[in-house]
Amino acid sequence: MARILITSAIPYINGIKHLGNLVGSQLPADLYARYLRGRGHEVMFICATDEHGTPAELAAAKAGEPVETYCARMHQVQKDIAQGFRLSFDHFGRSSSPQNHALTQHFAGKLAENGLISEVSEKQVFCKTDNRFLPDRYITGTCPECGYESARGDQCENCTKQLDPTDLINPRSAISGATDLEVRETKHLYLRQTLLKDRLAAWIDSKTDWPILTTSIAKKWLNDGDGLQDRGITRDLHWGVPVRKGTEDWPGMEGKVFYVWFDAPIEYIAATAEWANAQGLEDAAWQRWWRTDLGADDVRYVQFMGKDNVPFHTLSFPATIMGSGEPWKLVDYIKSFNYLNYDGGQFSTSQGRGVFMDQALSILPPDYWRWWLLSHAPESADSEFTWENFQASVNKDLADVLGNFVSRITKFCRAKFGEALPAGGTLGPAEAALTAELSTRIHAYETAMEAMEVRKAAAELRALWVAGNEYLQAAAPWSVIKTDADQAAVIVRVSLNLMRLYAVLSRPFIPDASAAMMQALGCTDWDWPDDVAAGLNVLPIGHEFAVADVLFEKITDEQRSDWQARFSGVRS
RNA sequence: GGCGAGGUAGCUCAGUUGGUUAGAGCACACGACUCAUAAUCGUGGGGUCGGGGGUUCGAGUCCCCCCCUCGCCA
């Protein structure tokens, strides 16, 4: 039994996420967590809301609420929706938690002790119209590197160069558009990433099994232009983690907070601490996941995220961990995703384009979305959601192939033998062939799952469902029963056991349907079929079951065109 | 116009370090079956891998040029 720590990129507190966000991190992370639990491994699956920074302040102001109230409310909203999608976090934390405050301050203190923090008195942009210092991303201007005219103050979207706001040429406020900006003197802390560049580069180079998408982005940031730069980690804001050196005051930093990108990844650790505290456990309970000196040396740590998050997870956060000089767990594998497009364009939070998580759940149960999104996950390239494809995939895969298998075998048994596994007959060559095929396919499924090849795993699972229909079709118990009831009984017993197998194997993808299948079978044995022959013999002769309701209703053409119309515009 | 990402069967996509007749699912056609959510199973048609050069014994897979699409920005 292995121990695996899984984190999903933490969604920003500001608003409900769309399906593209969901499939880019939380959902595949959940798939992986559920699979590993199903195999009997010990899993810690962590997510949280990312709550600090100016966008939260502005959204709260717009909602007419104090920022603390706004964040608490939106956290609960996101938590409920995550539950709606059956995301099986062990803990869904908050980056504004006391635990994260303490840990963020702790890391800053350690980094300072190790000479990795510099205090820089710099000139920062203050907007008189907005009456505030403008954070990096709220200043637009021309990129000094490539001449792109709408570069943001933190990064040029055009050339991906990391920037500081004062690098921009012709800056203006992105909040008001005002140009009455003035530069004021303010002191900030910088993380001296340049001193860690060689260690980071060597570490990235050692990750030869990482996806190209992950390492190529990391290397680009390490080596492009002047290479990795020192990074400001504090801001002149009110909402955030107050700057402190561990538990000590930090002279000259009064009234300032840490930059959101400094404290957000630390929340992965803090959320695990939140989990332990919520469970009434000692610190050792979470430290054994994160401290290699306190039990985490045998933990495998896997992160899931969209490609836009890769630089922070391959460089900034590891710099924090390494720079602390303490034995914190570094990530072992980063699974990154491309973007999901919506019907010919992009999903867009700012434009309200596409289907959002709450809307999705209002029209269909989570399994439908989970199946489609995971079986079409944007792993190797951006992929596309269309309503036609969604309808076709769901109807064919879930209703026709899996749902109908369950339906046909349970109803056949009820009609011919009653609602219990019938006695008689012995396994023959057809069952031996089925067992062999299932073994091969389950192995392929496991291999894909362990490699986090999501689409491939979905295809293998589907092939397993098809194998059941093939077996039934060839065995034809509805014909056999006319001359050999014992033989028909064997086929039915094997098929009903196969249904249980499907429930177990499918659970990571479609947990509700799996639960419904198991409930219909009156079974609570979720053991993974390491031995397929034994796995097909779990439900004994005489075991009673019930015919379940239709597992998956088909999506009608009327529903499809209705939703297509309803979600064609922008969200109001 | 700038930058970025792509162009493989009607649709959504796979195609490992270049190597035998380019694959899957859906859709379509035909056949089988009738237990089942008009479901299932089998067979088949269908692609000059955007175009043109080049490297190579051999390129969807490497290099160059061009065309087109999408995104962001002007």
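Numbered from 1 within each chain, the chains take letters A, B, ... in sequence-line order. Everything numeric in this text was worked out from a predicted model, so none of it was measured.
- Taking the six-membered ring wherever Trp is involved, the centroid distance between the rings of A:F567 and A:Y342 does not fall below 6.0 Å.
- Side-chain contact annotation: A:W372 with A:N389, donor-acceptor N/O pair under 3.5 Å present.
- Distance OH (A:Y502) to C1' (B:U40): 12 Å, rounded to an integer number of Å.
- Among the nucleotides B:A36, B:G42, B:U40, the one closest to any side-chain atom of A:Q473 is B:U40.
- Put simply, A:W478 rests on the base of B:C35: the two rings are less than 5.5 Å apart at their centres and nearly parallel, under 30°.
- In this structure, A:F552 atom CZ and B:A39 atom C1' are separated by 15 Å, rounded to whole Å.
- Across B:U37, B:C41, B:U12, the shortest atom-to-atom separation from the side chain of A:N389 is found for B:U12.
- Regarding contacts with the backbone of B:U40, a side-chain N or O of A:K396 is found under 4.0 angstrom from either OP1 or OP2.
- Pairing for B:A59 is absent, with no Watson-Crick or G-U wobble pair whose two atom distances lie under 3.5 Å.
- Candidate nucleotides B:U40, B:U12, B:G42 were compared by shortest atom distance to the side chain of A:N404, and B:U40 ranks first.
- The partner of B:G4 is B:C70, judged by Watson-Crick or G-U wobble contacts that both fall below 3.5 Å.
- Look at A:K554 and you won't find any side-chain N or O under 4.0 angstrom from OP1 or OP2 of B:A38.
- The distance from atom CG of A:N469 to atom C1' of B:C41 is 8 Å, rounded to the nearest whole Å.
- Using a 4.0 Å heavy-atom criterion, one finds that A:V466 contacts the sugar-phosphate atoms exclusively.
- Across the strands present, B:A39 finds no partner; the criterion is a Watson-Crick or G-U wobble pair with both atom distances under 3.5 angstrom.
- The side chain of A:R462 lies closest to B:G25, out of B:U12, B:G42, B:G25.
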